[in-house]
Every structure is written in structure tokens, then in C-alpha cells.
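Structure first, then comments.
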Amino acid sequence: MKEIAFEEIDGIRIGNAQNLEGPTGCTVVICENGAPAGVDVRGGSPGTRETDLLDPVNLVDKIHAVVLSGGSAFGLDAASGVMKYLEEKNIGFDVKVTKVPIVCSAVLFDLAIGNHKIRPDKNMGYEACKNSELNKSCEGNVGAGCGATVGKIFEKAEYAMKGGLGCYAVQVGKLKVGACIAVNCLGDVIDPGTGKIIAGALNADRKTFACTEDIMLKNYASRKNLFSGNTTIGTVVTNGKFNKSQMNKIASMAHDGYGRTMRPSHSMFDGDTIFTMATGKVDADISVVGFLSAKVVEKAVLRAVKNAQTIFGYKSLSDL
């Protein structure tokens, strides 16, 4: 097994657009030929688009893009720009009079950082598509990770840290599996190799970690609304051959990567979501792709915080 670039996966390309004044942005993963896809929404506060059509009982069997976006529910507008771009390229589900691009999307909450009036919109989604023509994966404060933050149990910026966008992919023989994740969790980010927190809620000294789970345990009787701006979203892509039902199962297995790296994950205050896409180039076993999906998600989460940069008072891992 060897590490490869996310954009080396056959049949896909990736692009980002962002506004640092926001700061916010969006990331698009495009499969022009269409890809059987799945989704698993685990968090209690999701913001999504076109997830119902990924149910295996429904008609459409392929999607053409996944959009990861900041801006909370406002950020779903970025998908309109992706649809515009793809329709111009004659890409989509053929309805005779035109082709309708099937674009799925999930958003994270980043309105609390910077200027909340600046959000990903149709123009930013279109720009991300134009940038995908370069097909270069970027990490840190880019795309959907531009305004992402982590460790927000105290609800004050000085005690939280900067999250970001991370990408990681592997190849085994001809099989390729990769993940693109925007990390914006309520809790802490853990390195599974050491079991230690590498980014999350800070103590008053802003140098050591407070441990979100310990704080929540001490206040277990409290029903305080911790909705201060969370949700980790991502896309797993493989060149394996799978149908829509199998891709939904792989999305479920991929969430193990969240469980290994974020504590807590899938809380009522996160909208944790993973989409999956299969470009159908090689035969592959679903269980193998499932555990590889969890692995690349895990690595992408770590890369997101390791490549983040300090912004708007939110410390990055490099500052510690």
C-alpha cells in the first residue's frame, strides 16, 4: 500500500474556492461520467442536499459532484454554481431537453468566525469548478476548511483552535481510495497512533488541552445547547466498481475514521456526514474498501489540523 495524491484517483477532479475575509469557502469533487454514490449522516445537526436520492430504492443511480461548503445552510447555494458549470459542460442526468447535473452537498457552520455575512454562494461554487480544471488538492485554510475550527466546548474563540481541509489517498495494486475532509468538530482531534489530543479545547494558558470529553462528563446533567458552530463533512472516493447500495455501506464504514480521530464525534451539535463515490474502474471487495475508507478518513482529519494556519485569533497546531 502506498500513499498517492487524492487527485490521482481515476475519473475525479477536485477544486476549491474561498474568501479569507469570511473566512469561508467550498470544495467540489467532480466525476463527469457520473459515479454510484452513498451517504451516511451521523451527527444530530446536519445541513445537506440531495441525500434522499442516494437511497438505493430511488431512481437516479449516479451523481456528478459532491460539494463541501462552509456558510451553514446558506452555503448550500454553492451547489447551484456547480450545477451551472456542469450543465454548461453538458454533464448530467439526461432529461431530453437538457442534462440535469446531480449534485450532492453538505455544509458546516463557520458563521461565528469573521464576517458572517460572507458565505459560499453560486459564484463561489462555480469558481471552485473552474479551479478543479487544475485538479490539485490543497489543505488547511482552503475550500470548505477555510473557516473551520475545532474544540469549541467553551464557546470562546480564544479557547478553540483552527481546523481545516485535509486530503489523503492510498493505492493497493490498481485499487485507489481517498478522502477529502473538512474538520470543524465540537470536540478534540486525537492522533490514534498516540492516543493524545493534537488540537481541541484549550485551557486558560492557551497552551495545554482541556479535554472536551472530561468537561462534558463533569457537566453531564446540563442540557445546555452547545451549538456554537460545528460539523465535520467529507467525501470518500474510490476507483472500485460498486453500486449505490454498496456505496452507502462504505460510507457507514468510513465513519470509523471520525470515531478514531474526534472525541466526541457524531454529537447532537455536529452534523457529521460522509459521501462516497465510485468511479468504477477496477473490481474490489467491499470490506477492503470499507476499512481503507476509514483509514484514509482518519489520515485526512489529521492532515486537516496539521496543515491549518492561525486566523482570526484561532490558534493552529503549528503554534503549539
Side-chain angles (χ1 to χ4, degrees), residues 6-19 24-39 47-55 58-71 73-108 119-138 142-144 146 165 167 178-180 182 233-239 242-244 247 251 273-281:
F6 182 85
E7 59 268 28
E8 290 183 56
I9 298 174
D10 315 70
I12 67 104
R13 65 177 198 260
I14 184 171
N16 297 286
Q18 56 277 322
N19 184 322
T24 192
C26 63
T27 299
V28 61
V29 179
I30 296 174
C31 180
E32 291 191 358
N33 294 325
V39 67
T48 57
R49 165 192 166 122
E50 296 282 40
T51 53
D52 284 352
L53 64 79
L54 298 181
D55 188 319
N58 292 329
L59 173 65
V60 175
D61 61 346
K62 292 182 179 181
I63 70 170
H64 303 95
V66 167
V67 184
L68 309 176
S69 181
F74 298 107
L76 291 170
D77 187 37
S80 297
V82 178
M83 289 193 70
K84 179 177 184 293
Y85 174 89
L86 293 175
E87 185 185 27
E88 290 175 355
K89 300 291 183 180
N90 198 36
I91 296 168
F93 184 78
D94 192 351
V95 294
K96 307 305 180 184
V97 293
T98 186
K99 288 188 178 178
V100 179
I102 308 301
V103 179
C104 297
S105 180
V107 295
L108 56 80
R119 304 129 181 188
D121 56 12
K122 183 176 181 179
N123 291 334
M124 188 180 285
Y126 191 90
E127 180 186 353
C129 290
K130 293 291 289 183
N131 291 336
S132 77
E133 294 170 7
L134 300 174
N135 199 22
K136 180 175 177 59
S137 57
C138 302
V142 297
C146 188
L165 188 75
C167 296
C180 176
I233 53 179
T235 308
V236 170
V237 179
T238 178
N239 66 346
F242 297 102
N243 60 33
K244 196 160 60 164
M247 292 310 293
T273 299
I274 295 179
F275 290 100
T276 51
M277 305 170 71
T279 62
K281 303 296 183 181

> Which one of Thr51, Leu76, Asp77 satisfies the side chain to side chain contact (heavy atoms under 4.5 Å, CB included) criterion with Ser105?
Replying inline: Leu76
>> Using the salt bridge (Lys or Arg N to Asp or Glu O under 4.0 Å) criterion, which residues pair with Arg49? Sequence neighbours excluded.
In response: none
State the [atom1]-[atom2] distance between [X] and [Y], to the nearest 0.5 angstrom.
X: Ile274; Y: Cys180; atom1: CD1; atom2: SG; result: 11.5 Å
X: Cys104; Y: Leu53; atom1: SG; atom2: CG; result: 5.0 Å
X: Asn131; Y: Gln18; atom1: CG; atom2: CD; result: 8.0 Å
X: Ile30; Y: Ser132; atom1: CD1; atom2: OG; result: 3.5 Å
X: Asn33; Y: His64; atom1: CG; atom2: NE2; result: 8.5 Å

> Under 6.0 Å from the OH atom of Tyr126, do we count more than 12 heavy atoms belonging to anything else shown?
Replying inline: yes
Any [X] side-chain heavy atom under 4.5 Å of [Y] side chain:
X: Val100; Y: Met83; result: yes
X: Tyr85; Y: Glu133; result: yes
X: Val82; Y: Pro101; result: no
X: Thr273; Y: Val39; result: yes
X: Cys167; Y: Ile14; result: yes
X: Thr48; Y: Ile233; result: no
X: Val29; Y: Phe6; result: yes
X: Ile63; Y: Leu54; result: yes

>> Is it the case that the side chains of Asn19 and Thr24 hold a donor-acceptor pair, with the cut-off being a distance below 3.5 Å and no angle test?
In response: no
N/O donor-acceptor pair under 3.5 Å between [X] side chain and [Y] backbone:
X: Lys281; Y: Ile9; value: no
X: Lys84; Y: Gly125; value: no
X: Thr279; Y: Gly11; value: no
X: Thr276; Y: Gly38; value: yes
X: Lys62; Y: Ile102; value: no
X: Lys244; Y: Asp55; value: yes

Closest non-hydrogen atom pair, [X] against [Y]:
X: Met277; Y: Val66; result: SD-CG2, 3.7 Å
X: Leu86; Y: Ala65; result: CD1-CB, 4.1 Å
X: Gly25; Y: Pro120; result: O-CG, 3.4 Å
X: Cys26; Y: Ala128; result: SG-CB, 4.0 Å
X: Thr27; Y: Ala144; result: OG1-N, 3.0 Å
X: Phe242; Y: Met247; result: CB-SD, 3.5 Å

